[in-house]
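Take a look at the structure below.
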Amino acid sequence: MDSNKTILSLPLTPAQSGCALRLTQAGGLTTEGAAAKAVLNAESIISRVFHKDSEASSMLGHAASLQTLERVAGPWFSQEAQSVYSETAAGYWLADAFIRGVTPSEAADLTRFLAGQTPPRRQGKVTTIRRYPTGGISEKQALLLPPLIRSLANEFRWCSPFLVAAKLAHTGGTRDKLAVIPGFKIASATELARWNGIDCPVRYFSAGADLCPRDAMMYRIRGETGTVADTGLMSSSIMSKQIALPADVVILDILHGPTAFLQNRAGAEEFGKMCSVIGNLNSTKIVTKLRESASILGRSVGSSTEIVEAAELLRGDARDESGQREISTSLGFIRIFAEELGLDPETALNRAEKAINSGEAFDAMINLFVDHGVARNYTNSFSKNPRKTVLGNLKRKTVFAEESGRLSWDALSVADIANNQINSCKQTDDSKIIVNEGGIELLVRDGSSIRRGEPLAIIYGENSETAAKSLSSAALITA
């Protein structure tokens with residue numbers, strides 16, 4: 001909220017209605033039309049839930065204990081008890097928590113609430129490692145690092161239960177990126193009991209309803225209501241998943257800057273400390289790595305184009321400065337894992353570089369696809385030509401510069417076009433996620449001098465014509 005009131009008139013979901021009511025009460029929002037009607041309906045629900053003598057009212061403006069969260073908020077974030085009533089209450093409470101800010105002690109209780117019943121830590125034959133991000137536009141480490149870890153698994157006796165999630169706000173989710181690969185099935189948490197970490201040393205697990213059902217519900221509602229960028233809410237959500245799917249070493253890749261949820265380094269450091277404390281309380285080793293996210297990461301945004309970019313980087317195809325930076329980031333994670341596990345970091349780094357240069361890492365990407373159900377005819381084609389296999393049959397549209405000058409991409413707008421116009425998704429009756437294929441390839445980087453008529457980007461996908469008009473507006477050109 002800023003000093004000027006926002007006027008809202010669009011139709012609202014129940015959770016958004018509860019959130020809007022709380023923002024209205026705080027003086028940061030004015031509603032009209034359909035939104036005003038939704039807020040009025042929310043008011044009748046909230047007056048019953050948070051009446052003066054209710055236990056729920058004690059959660060407003062104050063930290064809630066784990067016991068109170070269980071008794072009061074449990075039904076709000078239950079997959080089975082979804083209703084207009086519960087989602088309105090959840091949206092209202094989240095807005096209240098977002099406005100006041102969630103404290104570290106409250107975040108620890110909220111983490112345990114979201115994690116639910118956690119499994120006992122398994123004593124396996126190999127070490128478990130994982131890297132988990134806080135979100136950034138066009139963040140590709142979740143596509144690059146797992147193949148690299150897999151290519152070194154036998155030698156270093158490690159495995160990785162990699163966690164992926166759906167898109168949240170302006171960041172594209174890795175789950176949605178992998179969904180454009182035909183036949184790719186992300187592993188369910190129910191498979192953990194049968195997974196030994198040796199035969200398939202890297203598995204993509206879904207950070208969804210079968211792992212942390214309460215967090216899955218809150219994750220969706222936070223994205224729906226815009227209550228994402230609070231340090232306490234973020235740390236609780238992220239740490240609940242690390243606790244529910246334990247690993248011996250977890251690297252939190254904390255992005256900060258104008259295109260990340262955490263806007264500055266100080267906030268990122270605070271977030272990292274909070275997560276480390278929560279991890280220590282739950283016997284989970286958290287290693288924090290801070291990384292600046294000032295613009296779009298890499299040269300593509302969107303599910304299909306990011307899959308292609310990651311594959312081409314692992315193959316060594318046309319690796320430019322931004323691509324080399326992505327590879328260096330992956331190698332940096334390998335070094336940290338080695339240091340934390342007592343391995344020689346230089347040996348691990350040299351071995352990782354060899355895996356990339358020799359093609360082992362790219363072969364591991366292909367094997368990861370096979371491990372997750374992708375047919376051999378597809379992986380054979382992908383192995384020969386990832387670009388043609390993924391993008392070859394998609395509609396495309398080139399965006400040209402409308403004037404000469406210096407280019408600056410509006411990163412948030414570009415991400416919105418990719419995630420919501422191009423890669424829109426829907427859920428089928430059997431809970432399968434279908435993501436529209438496509439994405440954006442940037443031909444010109446931020447800060448480059450361009451001439452009128454020069455090609456700036458290529459858009460792939462069914463909505464490429466519409467998206468091209470929007471992307472032209474996101475290309476900011478100054479004299």
For a quick test of your reading: what N or O donor-acceptor pairs under 3.5 Å do the side chains of residues 454-463 make, sequence neighbours left out?
{"unit_1": "Glu454", "atom_1": "OE1", "unit_2": "Arg451", "atom_2": "N", "d": "3.0"}
{"unit_1": "Tyr460", "atom_1": "OH", "unit_2": "Glu441", "atom_2": "OE1", "d": "3.3"}
{"unit_1": "Asn463", "atom_1": "ND2", "unit_2": "Gln421", "atom_2": "O", "d": "2.8"}

For residues [X] and [Y], is any side-chain donor paired with an opposing acceptor at under 3.5 Å?
X      : Y      : value
Ser300 : Glu309 : yes
Asp248 : Thr127 : no
Gln141 : Glu326 : yes

Check your understanding: Between Trp195 and Phe205, is the gap from one ring center to the other below 6.0 Å?
Key ->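 When the ring centroids of Trp195 and Phe205 are compared, they turn out to be within the sub-6.0 Å range.
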**Study point:** Electrostatic pair Asp253:Lys289 at N-O distance under 4.0 angstrom
**Key:**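 Salt bridge: no.
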Check your understanding: In terms of side-chain geometry, is the basic nitrogen of Glu312 or Arg387 positioned less than 4.0 Å from the acidic oxygen of its partner?
Key ->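 Result for this pair is yes, salt bridge flagged.
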Review point. Is the backbone of Glu191 close enough, under 3.5 Å, to the side chain of Ser188 for a donor and an acceptor to pair up by distance?
Key: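 No.
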Review point. Taking the side chain from Ser237 and the backbone from Leu233, do they hold a donor-acceptor pair closer than 3.5 Å?
Key: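 No; zero donor-acceptor contacts below 3.5 Å.
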Review point. Under 6.0 Å from the six-membered ring centre of Phe77 and within 45° of its axis: does the NZ or CZ of Arg214 meet both?
Key: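 Relative to the ring axis of Phe77, which defines the angle, Arg214 lies outside at least one limit.
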Review point. Distance from Asp317 atom CG to Asn385 atom CG, nearest 0.5 Å?
Key: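 The CG atom of Asn385 is 8.5 Å from CG of Asp317, to the nearest 0.5 Å.
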Review point. Does some side-chain heavy atom of Leu442 sit less than 4.5 Å from a side-chain heavy atom of Ile296?
Key: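 Counting from C-beta outward, Ile296 and Leu442 do come under 4.5 Å.
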Exercise for review: Only counting residues at least two apart or in another chain, list the ones meeting salt bridge (Lys or Arg N to Asp or Glu O under 4.0 Å) with Asp176.
Suggested key: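 Applying salt bridge (Lys or Arg N to Asp or Glu O under 4.0 Å) to Asp176 gives none.
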Exercise for review: List the steps and the verdict of side chain to side chain donor-acceptor pair (under 3.5 Å) for Asp416 and Asn420.
Suggested key: CA-CA 6 Å; Asp416 181 66; Asn420 297 314; 2.6 Å; yes
Point to revise | Where Arg150 and Pro201 come nearest, the two heavy atoms and their spacing | key: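 In terms of heavy atoms, the two residues are closest at CG-CG, 3.8 Å.
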Under 3.5 Å, which donor-acceptor pairs link side chains of residues 268-278 to any protein atom two or more places apart or in another chain?
{"unit_1": "Glu269", "atom_1": "OE2", "unit_2": "Arg265", "atom_2": "NE", "d": "3.3"}
{"unit_1": "Ser276", "atom_1": "OG", "unit_2": "Gly272", "atom_2": "O", "d": "3.0"}

